[in-house]
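As a basis for the values below, the full set of heavy atoms in this structure was taken, side chains included, without hydrogen atoms, waters or symmetry mates.
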Amino acid sequence: MAEKLKITLVKSTIGAIPKHKATVEALGLTKLNKTVEMPDNAPVRGMINQVRHLVKVEEI
């Protein structure tokens, strides 16, 4: 497993269910094409899995 993950919001949360909007915000993604680096652990992987249709993930 990688040490960190680079997560980019590639699709808008407009029209997404409220739980997915909250998950994207909890990941620190506020605007389209914003990128954040998060540690590679189980809770972060779970959040990514829930909104995998909205984000792009790269291992660093």
Side-chain angles (χ1 to χ4, degrees):
M1 275 183 15
E3 196 171 307
K4 288 195 168 214
L5 297 172
K6 192 174 181 183
I7 309 162
T8 306
L9 184 64
V10 295
K11 191 167 183 226
S12 175
T13 57
I14 295 173
I17 63 174
K19 188 174 182 181
H20 290 181
K21 287 182 184 182
T23 303
V24 167
E25 193 173 322
L27 284 168
L29 300 168
T30 54
K31 294 182 178 181
L32 204 56
N33 295 320
K34 182 172 181 181
T35 301
V36 294
E37 288 186 10
M38 301 286 281
D40 187 5
N41 55 31
V44 173
R45 287 277 183 173
M47 288 194 286
I48 291 168
N49 192 41
Q50 189 176 27
V51 293
R52 64 187 174 271
H53 58 287
L54 302 174
V55 298
K56 181 177 84 172
V57 181
E58 300 172 34
E59 293 183 349
I60 299 176

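A donor-acceptor pair under 3.5 Å is formed between the side chain of R52 and the backbone N or O of N49.
Separating the CG atom in L32 from the CD1 atom in I14 is a distance of 9.0 Å, to the nearest 0.5 Å. The OG1 atom of T8 sits 10.0 Å away from the CD atom of E37 when rounded to the nearest 0.5 Å. For the atom pair L9 CG and K56 NZ, the distance stands at 11.5 Å (nearest 0.5 Å). Here I7 contributes atom CD1 and M47 contributes atom CE; the two are 7.5 Å apart, rounded to the nearest 0.5 Å. The line from CG of L5 to CD1 of I60 is 7.5 Å long, rounded to the nearest 0.5 Å.
A continuous path of ILVMFWY side-chain contacts below 4.5 Å connects V36 to V44, so both sit in one hydrophobic cluster.
Residue V55 comes nearest to L29 through the heavy atom pair CG1-CD1, 3.9 Å, listed as atom of the first residue, atom of the second, then distance.
The closest side-chain heavy-atom distance from L27 to V51 is below 4.5 Å. Within the 4.5 Å cutoff, the side chain of R45 has heavy atoms near those of the D40 side chain.
For residues 17-34, the pairs satisfying side chain to side chain donor-acceptor pair (under 3.5 Å) are T23-Q50, with sequence neighbours left out.
Side-chain heavy-atom separations under 4.5 angstrom define the hydrophobic clusters, and I17 shares its cluster with no other residue.
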